[in-house]
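Okay, structure first, notes after.
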There are 2 protein chains.
Amino acid sequence: MQRTDTSGDAVAAILQQWQRERPDLDASPMGIIGRLGRCTALLRGRLDETFSRFDLSSWEFDVLATLRRAGSPHCLAPTTLFRTLMITSGTMTRQLQQLEGRGLISRQPNPDDARSQLVQLSPAGLALIDEAVAAHVANEHAILAPLAAAERAQLEQSLIRLLAILETPGD
Amino acid sequence: MQRTDTSGDAVAAILQQWQRERPDLDASPMGIIGRLGRCTALLRGRLDETFSRFDLSSWEFDVLATLRRAGSPHCLAPTTLFRTLMITSGTMTRQLQQLEGRGLISRQPNPDDARSQLVQLSPAGLALIDEAVAAHVANEHAILAPLAAAERAQLEQSLIRLLAILETPGD
DNA sequence: CTCAATTACCTTGAATTCAAGATATAATTT
DNA sequence: AAATTATATCTTGAATTCAAGGTAATTGAG
């Protein structure tokens with residue numbers, strides 16, 4: 001059975017419920033934090049549609065895109081990759097094994113350090129990610145198209161501000 | 001090994017890399033979509049800190065909070081729950097089994113429909129979630145405290161707008 | 001009224017992700 | 001210089017999540 005959801009603005013309804021059940025609490029921060037999570041969840045689905053057209057999952061796209069962004073020779077150490085992608089090293093290993101199996105990357109031992117490996121985008125991987133990135137960016141443009149330029153600017157500015165707060169180490 | 005990240009504003013750096021490597025693409029939507037995902041990821045960690053103080057994981061909190069919000073007698077069908085929580089029915093079953101094992105909910109057959117069950121918050125579950133919600137809301141207030149009232153309003157307004165677009169069925 | 005077909009509800013097997021462990025290098029002390 | 005501690009890199013076992021399947025109830029036609 002598939003997950004479903006009938007939301008209008010579900011978050012507003014949740015806030016009303018809390019107001020009714022726990023009037024002693026000021027739940028207003030949920031108006032921001034709840035909607036943020038919800039937007040991210042819905043976006044994930046939209047973006048995955050494009051990835052799947054290239055037989056890629058979200059994380060596969062991310063790995064290939066990171067190598068691509070690094071520039072020629074499209075070669076990075078696994079540690080650099082998993083730090084950039086904010087995943088654990090174990091997850092990284094599995095992902096690289098899988099991508100190597102599909103011939104999208106190659107892994108070679110690092111001659112200068114037996115602990116380390118060198119991950120490189122294969123020609124096939126390079127061609128694939130170059131196409132996929134173009135489609136991905138086009139998809140993102142389409143998703144945000146209903147937003148006027150001023151709305152986009154306001155949203156981005158707000159997110160920059162929030163991100164600065166969240167990244168501040170003095171939690 | 002733990003995941004790490006050294007971001008200043010990592011998204012800005014990524015945009016610059018794409019500009020250098022693929023000047024033919026206008027990657028500006030990533031400025032919004034990338035930061036949104038990043039904010040959500042960082043928030044998750046912050047919120048989990050509070051949940052763990054009550055020996056709750058994020059999903060456990062969500063289930064109990066949904067039952068609590070519903071109001072007395074804090075009783076819902078599993079289907080209502082998994083639709084609200086946007087998870088699959090299989091995941092729901094496991095979670096309810098676990099919560100029942102901890103004595104936080106009870107499950108009884110529905111007398112009107114042998115297919116269905118009734119999930120109810122136990123007294124212990126009610127007491128726990130009432131405490132945890134208060135702490136959670138306080139935590140959210142603390143997280144957003146650096147934002148001025150006007151900034152909060154602008155951010156929320158932007159998110160409401162974006163959410164409306166993303167929820168529009170005409171994908 | 002009976003039976004078939006659709007719908008709705010819940011439990012089990014495959015895939016993904018994380019925490020802990022094993023090995024190799026570097027740094028420090030004696 | 002040898003030994004020891006500490007750091008860094010990558011691969012494996014435990015837990016969580018999703019897709020497919022089985023069972024019960026409702027609907028509608030004959």
Side-chain angles (χ1 to χ4, degrees), chain A residues 1-6 37 40-42 44-45 47-49 51-52 55-63 75-102 105-120, chain B residues 1-6 37 40-42 44-45 47-49 51-52 55-63 75-102 105-120:
Chain A
M1 188 177 293
Q2 209 64 1
R3 64 170 171 258
T4 55
D5 181 59
T6 62
T40 300
L42 291 170
R44 184 199 323 272
L47 301 183
D48 282 349
E49 290 174 13
F51 299 151
S52 66
D55 284 315
L56 290 173
S57 59
S58 172
W59 61 260
E60 287 169 329
F61 178 90
D62 285 340
V63 173
C75 196
L76 291 173
T79 299
T80 306
L81 276 171
F82 79 69
R83 283 183 178 164
T84 303
L85 297 167
M86 291 203 294
I87 58 175
T88 62
S89 55
T91 301
M92 191 78 260
T93 297
R94 289 290 177 87
Q95 294 182 348
L96 293 177
Q97 288 170 344
Q98 218 166 327
L99 289 170
E100 188 172 36
R102 286 184 62 179
I105 63 163
S106 64
R107 279 193 301 173
Q108 293 157 10
N110 185 342
D112 298 336
D113 187 338
R115 297 174 300 180
S116 168
Q117 305 221 355
L118 290 178
V119 177
Q120 184 170 21
Chain B
M1 190 178 291
Q2 208 68 359
R3 64 170 172 259
T4 55
D5 180 60
T6 63
T40 300
L42 290 170
R44 185 198 323 272
L47 302 183
D48 283 348
E49 291 174 13
F51 298 151
S52 66
D55 283 315
L56 291 173
S57 59
S58 172
W59 62 261
E60 287 169 329
F61 178 90
D62 286 340
V63 173
C75 197
L76 292 172
T79 299
T80 306
L81 276 170
F82 79 69
R83 283 183 178 163
T84 303
L85 296 167
M86 293 203 293
I87 59 175
T88 62
S89 55
T91 301
M92 191 79 261
T93 297
R94 289 288 179 88
Q95 293 182 351
L96 293 177
Q97 287 170 344
Q98 219 166 327
L99 288 170
E100 189 172 35
R102 285 183 62 178
I105 63 164
S106 64
R107 280 192 300 173
Q108 293 157 10
N110 185 342
D112 297 335
D113 186 341
R115 296 175 301 179
S116 169
Q117 304 223 352
L118 289 178
V119 178
Q120 184 169 23

So, is [X] close to the [N] phosphate, meaning a side-chain N or O under 4.0 Å from OP1 or OP2?
X	N	value
B:Arg107	C:dT11	yes
A:Gln117	D:dT11	yes
B:Thr79	C:dC10	yes
A:Ser116	D:dA8	no
B:Ser89	C:dC10	no
B:Gln95	D:dT17	yes
A:Thr93	D:dT11	yes

CZ-CE distance between B:Arg83 and B:Met92, expressed to the nearest 0.5 angstrom: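 Answer for the CZ-CE pair, B:Arg83 versus B:Met92, is 13.5 Å.
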For the CE atom of A:Met86 and the CG atom of B:Leu42, what is their distance to the nearest 0.5 Å?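 These two atoms lie 5.5 Å from each other.
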Let me know, please, whether A:Asp113 or A:Gln97 comes out on the 5' side of the other along DNA chain D by nearest nucleotide.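 On the 5' side of the pair lies A:Asp113.
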Less than 4.5 Å apart, side chain to side chain, heavy atoms only: is that true for B:Pro78 and B:Thr93?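 With C-beta onward as the side chain, the pair stays apart.
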Nearest whole angstrom, please: distance from the [atom2] of [N] to the [atom1] of [X].
X	N	atom1	atom2	answer
B:Arg94	D:dC18	CZ	C1'	11 Å
A:Leu85	C:dC18	CG	C1'	15 Å
B:Gln98	C:dC10	CD	P	18 Å
A:Leu118	D:dC10	CG	C1'	14 Å
B:Leu56	D:dT16	CG	P	13 Å
A:Leu96	D:dT11	CG	C1'	12 Å
B:Ile87	C:dT11	CD1	P	13 Å
B:Glu60	D:dT17	CD	C1'	15 Å

Flag, side chain of B:Gln95 to backbone of B:Val63, donor-acceptor distance under 3.5 Å: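 No; zero donor-acceptor contacts below 3.5 Å.
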Check A:Thr80, A:Thr84, A:Thr79, A:Leu85 against A:Phe82 for a side-chain contact (heavy atoms from CB on, under 4.5 Å) and give me the one that passes.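 Single pass found, and it is A:Thr79.
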